[in-house]
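Note that the structure is a prediction, hence the values are computed from the model and not measured. Letters A, B, ... are given to chains in the order of the sequence lines, protein chains preceding strands, and every chain is numbered from 1.
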There are 2 protein chains.
Amino acid sequence: MAQTQTFSKNQQIVLDIIEKAKGPLKAYSILFNVQKKGINAPQQIYRALDKLIEAGKIHKIESKNAFVACKNSNCEVSKATAFSICESCEIVDEISDEKLSKYLSKFNEKKGMKFKRFNLEFFGLCKKCK
Amino acid sequence: MAQTQTFSKNQQIVLDIIEKAKGPLKAYSILFNVQKKGINAPQQIYRALDKLIEAGKIHKIESKNAFVACKNSNCEVSKATAFSICESCEIVDEISDEKLSKYLSKFNEKKGMKFKRFNLEFFGLCKKCK
DNA sequence: TAACAAACGTTATATTATAACACTATGATA
DNA sequence: TATCATAGTGTTATAATATAACGTTTGTTA
Ligand SMILES: [Zn+2]
Ligand SMILES: [Zn+2]
Ligand SMILES: [Zn+2]
Ligand SMILES: [Zn+2]
C-alpha cells in the first residue's frame, strides 16, 4: 500500500544513489560514491540497505549481490519479486506481471509449507545482446 | 537427459559431501570437511563447485550462498530451479513441480527478452517451525 | 524532562570468492 | 613417437562482500 515513509539522512543518500543509477549497484560501489558525503564505512551502507529493503524501496539481486530501486512503488514490502537479467550486459529489469505474481503468490507446495515471500530471477539475453 | 558423467577426484569428493549432507553447505564448510582428504584451498572447492553446477548435479541457493545436491537427477543442467526455504530452521527443499516448471519456462516478458534459465526461491516456515 | 528506540560513527574482523602461476595427466593428431 | 591442446591440480596471495561490537547522538513519546 505504498505508504509514504520518511528516511534518515544516510538512508536517503543511499536511496538517491540507487534510484539514479541505471543498473544494479553493489554495496562497496555505493560506499565509494558517498564518501564525499561523509559516509566512510560499509556498516553505514549495509544498515541503510537493510532498512530500504525492509521498506520495499529497493531489492537485492541475489545472484549478483547488487541492489536496485523498486519500480513498482514498494512491491508490498518486497514479498513478491521477479527480475530479468541479461547475462551479457548484466542489465536488470524488475518484472511487473500481475498474472505471474498472482500465480506464484498462490503457489503452495505439497509439503505443507506456507510461503510468505518469493524471489524469482530469469536469465537470458536482452534485445540488444541477442 | 541425465547422462552419466564422470567426475575428477576433487569434483567427486565435493559432490559426495554435498549429497550426504542434510541441508545446504557453504563452500568453506565443505573445505573444512575435506582437509583430511588433501584439499587445502578454497580454489579447489570453488572449481569443483563450478563444474558440478554446470553438470546440473548441484545447485547454488543464491540467497544463502550455499550449495545443495540436485534432487531431480540433473535438472536439465540447472536451467529451471525452484526451492523452498524455511526462514527459521533454514531447511531447503528443491521443488519439483511439473506445472510450475512449465509455466515459468514458457514465461516471456513483453520486452522481447528470451529467457534461458530461471531460479526461484520461496521463503516461509516449514511444518515444524510453523 | 526522563526514558527509550532508532540511527550514527568507528574499528575490527568474518565470510565468500577470485587471480595468478607453475605443474601434471590425458588424450587427440600429425 | 613427438607435440599439442585441454582439463585438472596445488598453492599463495588478495579481492570482494558482509557482520560484530561498542559507544555516542538524535529523535519520539510519556
Ligand atoms: Zn519492487
Ligand atoms: Zn544485454
Ligand atoms: Zn535440480
Ligand atoms: Zn523450519
Side-chain angles (χ1 to χ4, degrees), chain A residues 3-18 21 23-68 77 85 87 90 92 119 121, chain B residues 3-18 21 23-68 77 85 87 90 92 119 121:
Chain A
Q3 67 205 22
T4 313
Q5 182 173 355
T6 152
F7 293 108
S8 76
K9 182 182 130 259
N10 288 1
Q11 289 159 14
Q12 193 61 57
I13 290 172
V14 170
L15 178 57
D16 286 347
I17 291 214
I18 296 177
L25 291 182
K26 304 210 150 208
Y28 276 75
S29 120
I30 296 170
L31 176 55
F32 296 138
N33 275 283
V34 297
Q35 295 196 315
K36 48 201 157 202
K37 299 206 171 146
I39 298 184
N40 305 298
Q43 265 291 5
Q44 299 174 284
I45 303 297
Y46 283 104
R47 285 198 284 230
L49 291 172
D50 285 348
K51 288 294 167 180
L52 294 169
I53 288 171
E54 223 177 276
K57 300 298 288 185
I58 67 171
H59 304 301
K60 181 172 186 182
I61 308 299
E62 294 287 358
S63 63
K64 303 173 76 63
N65 300 315
F67 304 85
V68 293
V77 207
I85 302 168
E87 284 175 314
E90 314 230 299
V92 169
N119 179 55
E121 300 183 3
Chain B
Q3 69 206 22
T4 312
Q5 183 172 355
T6 151
F7 294 108
S8 76
K9 181 183 130 257
N10 288 0
Q11 289 160 12
Q12 194 61 57
I13 290 172
V14 170
L15 178 56
D16 286 347
I17 291 213
I18 295 177
L25 291 183
K26 305 209 149 210
Y28 276 76
S29 120
I30 295 170
L31 176 57
F32 296 137
N33 275 282
V34 298
Q35 294 196 315
K36 48 200 156 201
K37 298 208 172 147
I39 298 184
N40 305 299
Q43 266 290 5
Q44 299 174 286
I45 303 298
Y46 282 104
R47 285 199 285 228
L49 290 172
D50 285 348
K51 288 295 167 178
L52 294 169
I53 288 170
E54 223 177 277
K57 300 298 288 185
I58 66 172
H59 304 301
K60 181 174 187 182
I61 308 300
E62 295 287 358
S63 63
K64 302 174 76 62
N65 300 314
F67 304 85
V68 293
V77 207
I85 301 168
E87 283 174 316
E90 313 230 299
V92 169
N119 180 55
E121 300 182 4

Give a yes-or-no answer on whether the side chains of E62(A) and S63(B) include a donor-acceptor pair shorter than 3.5 Å.
no
Assess whether side chain to side chain contact (heavy atoms under 4.5 Å, CB included) is satisfied between H59(A) and I53(A), documenting all intermediate values.
CA-CA 6 Å; H59(A) 304 301; I53(A) 288 171; over 6 Å; no
Between the side chains of Q44(A) and N40(A), is a donor N or O closer than 3.5 angstrom to an acceptor N or O?
no
Enumerate the residue pairs fulfilling side-chain hydrogen bond (donor to acceptor under 3.5 Å, both in side chains) with a member in residues 30-39 of chain A, sequence neighbours excluded, ordered by first and then second residue.
none
Under 3.5 Å donor-acceptor, Q11(B) side chain and S8(B) backbone
yes
In this structure, how many angstroms lie between the C1' atom of dA6(C) and the NZ atom of K51(A), rounded?
7 Å
So, K26(A) side chain and K64(A) main chain: donor-acceptor pair closer than 3.5 Å or not?
yes
Rounded to the nearest 0.5 Å, how far apart are CZ of F67(A) and CD1 of I18(A)?
7.5 Å
Base versus backbone protein contacts along nucleotides 11-26 of chain C [heavy-atom cut-off under 4.0 Å; B, S, -]
B----BBBBB------
On the nucleotide dC8(C), are OP1 or OP2 found under 4.0 Å from the side-chain N or O atoms that Q44(A) carries?
no
Span of DNA chain D in contact with chain A (heavy atoms, under 4.0 Å):
dT17(D) to dA21(D)
Distance-only donor-acceptor check, side chains N119(A) and E121(A), under 3.5 Å:
yes
